[in-house]
Protein chains: 2
Amino acid sequence: MKQTEPRGRGLKKTGRPLSFDRDTALERAMLTFWRHGYETTSITDLTAAMGITTPSLYGAFGDKKRLFLESVALYAGDLEATAQAIAAAPSALDAARTLLMGAVITYTGEATPPGCLLASATASGSPASSDVRQSVAGIRSFVASHLEQRIARDIASGVLPPHTDASALAGLVMTVMQGLSVMARDGMARASLQAIVATALQAWPRR
Amino acid sequence: MKQTEPRGRGLKKTGRPLSFDRDTALERAMLTFWRHGYETTSITDLTAAMGITTPSLYGAFGDKKRLFLESVALYAGDLEATAQAIAAAPSALDAARTLLMGAVITYTGEATPPGCLLASATASGSPASSDVRQSVAGIRSFVASHLEQRIARDIASGVLPPHTDASALAGLVMTVMQGLSVMARDGMARASLQAIVATALQAWPRR
DNA sequence: TGGCTTTCATATCGAACACTACGAAAGTTG
DNA sequence: CAACTTTCGTAGTGTTCGATATGAAAGCCA
């Protein structure tokens, strides 16, 4: 079941050069997945958006699943940097606020589709794509665990009350972040979402 | 573009009786949509789950879209009853708690798929199914507006502080409710989700 | 210029998609 | 029982799905 290796990444020994910019094509694919979801985006949709033909897509990106996973990586950005930003925040509350307010900006950008690619693209799907959904869920749990650790640090240092439920608090932030995606998809304005985030942060324990 | 009328609802003048129970078949279709989503559920999936053949499905339910909308109605239940329950609650906080805790029970039922049918089934989709998504979004906005009215009543009666943002507070409840669906789909346990709800309700304004 | 390698465009592939024609079968009504 | 209405099972409609076979075209190096 070994698939042919996509040629965009490996070293190549002098041949006809690519007639398109790989990064640009990937970004357009990412936006298409973002708008329509994983299984509900067809190869025809992708080639139309990317401006390339079907064999070029398969030659450069392997297959639909690998193109999607590359799109997810482009969307999610540097996860280690996110983890470090959470760790380096002045407080867990600051980290949560930054995460949520940043999500609102991302979900309501004028140049990008509404909502979150991770939340939208894999909310549903056939059993055949369960591995793709698990991959996306892994990104969520990565962020959640780092946030929970940051909260635990604030508890240990006395910034948060000792009885604080770090898991539930981190879970609330992740829950709100996912919910914001649905609201953004429903067309809610950026200011309304920001007001929701401000309200949600009122749940933060005070000592 | 007039479609043939599904025969399950109209009066019929004596013919061969249905060999299956329409309500049972509808419930199984609803569960299938719940698990796999709208566009990502095929007619073959549905007939297999419902135990009927393709022509029977079309004869009894019209087409895929109408079958889905009937499934949504079955899932959502009596919306007017929900609205009255919100209005009749002792306080807006009670209404919100009932909504969210009920959602957790629904999203983590052992006999039903994880998460929310409305949140999962239409999170993504092609432009062709935008009308289906709008129909689902309408259910959300119906609940949200009734909750917001209940909150406004508590503000007027002095139960909530006068500066309370009713729209943002109702929006937070809806946001958490949608987010809970994603977390449940990721496999989070019922108790964890209940802890998240309890934490979220700490955001409720106190006078 | 003559290989050599890789990408290009055209034209599909078999499978799955939503959906339906048609005649046999199963009831009710006279 | 015979006429009538409706559903059932079989088989198929055209379309779109993800993914390819094939050969010409384009560039690098000798």
Check: Taking A:Asp186 for the side chain and A:Met183 for the main chain, is one N or O donor matched with an acceptor at less than 3.5 Å?
Finding: no

Margin query: Could you walk me through whether A:Leu46 and A:Thr54 satisfy the side chain to side chain contact (heavy atoms under 4.5 Å, CB included) test, starting with their C-alpha distance in whole Å, then the side-chain angles of each, then the deciding distance to 0.1 Å, before giving a yes or no?
Written below: CA-CA 9 Å; A:Leu46 291 166; A:Thr54 310; over 6 Å; no

Next item on the list: Take atom CZ of A:Phe68 and atom P of D:dC17, then tell me their distance rounded to the nearest Å.
Entry: 18 Å

Notebook entry, point to check: Starting at CD1 of A:Ile43 and ending at P of C:dC17, how long is that distance when rounded to a whole Å?
Noted result: 16 Å

Check: Are A:Thr44 and D:dC17 close enough that a side-chain N or O sits under 4.0 Å from OP1 or OP2?
Finding: yes

Next item on the list: Measure the distance from CD1 on A:Ile52 to P on C:dT6 and round it to the nearest whole Å.
Entry: 18 Å

Notebook entry, point to check: Rounded to whole angstroms, how far apart are CG on B:Leu57 and C1' on D:dG9?
Noted result: 15 Å

Next item on the list: For residues A:Arg66 and A:Asp63, report the shortest heavy-atom separation together with the two atoms involved.
Entry: N-OD1, 3.0 Å

Note to self: Looking only at the side chain of A:Thr53 (C-beta and beyond, no hydrogens), which of the listed nucleotides D:dC17, C:dC17, C:dA9 gets closest?
What the structure shows: C:dA9

Notebook entry, point to check: Is A:Thr41 touching bases, backbone alone, or none of the nucleic acid, heavy atoms closer than 4.0 Å?
Noted result: sugar-phosphate

Margin query: Regarding A:Thr54, tell me which of base, sugar-phosphate or nothing describes its non-hydrogen contacts under 4.0 Å with the strands shown.
Written below: base

Notebook entry, point to check: Taking CD from B:Glu39 and C1' from C:dC17, how many angstroms apart are they, rounded to a whole number?
Noted result: 12 Å

Notebook entry, point to check: For A:Tyr58 and D:dA19, is the shortest distance between a side-chain N/O and OP1 or OP2 below 4.0 Å?
Noted result: yes

Next item on the list: Please round to the nearest 0.5 Å and tell me the distance separating atom OG1 of B:Thr164 and atom CD1 of B:Ile155.
Entry: 4.5 Å

Check: Would you say a side-chain N or O of B:Ser19 is under 4.0 Å from OP1 or OP2 of D:dC8?
Finding: yes

Note to self: So if I take every side-chain heavy atom of A:Phe20 and compare against C:dC19, D:dG18, C:dC8, which nucleotide ends up nearest?
What the structure shows: C:dC8

Check: Of the non-hydrogen atoms in A:Thr40 and B:Ser126, which two are nearest, and what is the gap between them?
Finding: CB-N, 4.3 Å

Note to self: Among D:dT20, C:dC17, D:dC8, which nucleotide has an atom closest to any side-chain atom of A:Pro55?
What the structure shows: D:dT20

Margin query: From the set C:dC8, D:dC8, C:dC17, return the single nucleotide nearest to any side-chain atom of B:Leu18.
Written below: D:dC8

Item checked: Rounded distance in Å - CG (B:Asp45) to C1' (C:dA18) -> 12 Å

Next item on the list: Determine the minimum heavy-atom distance between B:Ser120 and B:Ser181, stating which atoms define it.
Entry: OG-OG, 3.8 Å

Item checked: Among C:dC17, D:dC17, C:dC8, the nucleotide that comes nearest once only the side chain of A:Ser56 is considered -> C:dC8

Notebook entry, point to check: OP1, OP2 of C:dC17 versus side-chain N and O of B:Ser42: anything below 4.0 Å?
Noted result: yes

Next item on the list: Mind calculating the distance between NE2 (B:His36) and P (C:dC17) to the nearest angstrom?
Entry: 12 Å

Note to self: List the residues meeting ring-ring contact (aromatic ring centres under 6.0 Å, His included) with B:Phe68, not counting sequence neighbours, and say none if there are none.
What the structure shows: B:Phe33, B:Tyr38

Next item on the list: Using a 4.0 Å cut-off on protein heavy atoms (strictly under), produce a 5'-to-3' string for nucleotides 25-30 of chain C with B for base contact, S for backbone-only sugar-phosphate contact, and - for none.
Entry: BBBSS-

Next item on the list: Using whole Å, report how far CZ of A:Phe61 lies from P of C:dT7.
Entry: 12 Å

Notebook entry, point to check: Any idea which heavy atoms bring A:Ala152 and A:Ala166 closest together, and the distance?
Noted result: N-CB, 4.4 Å

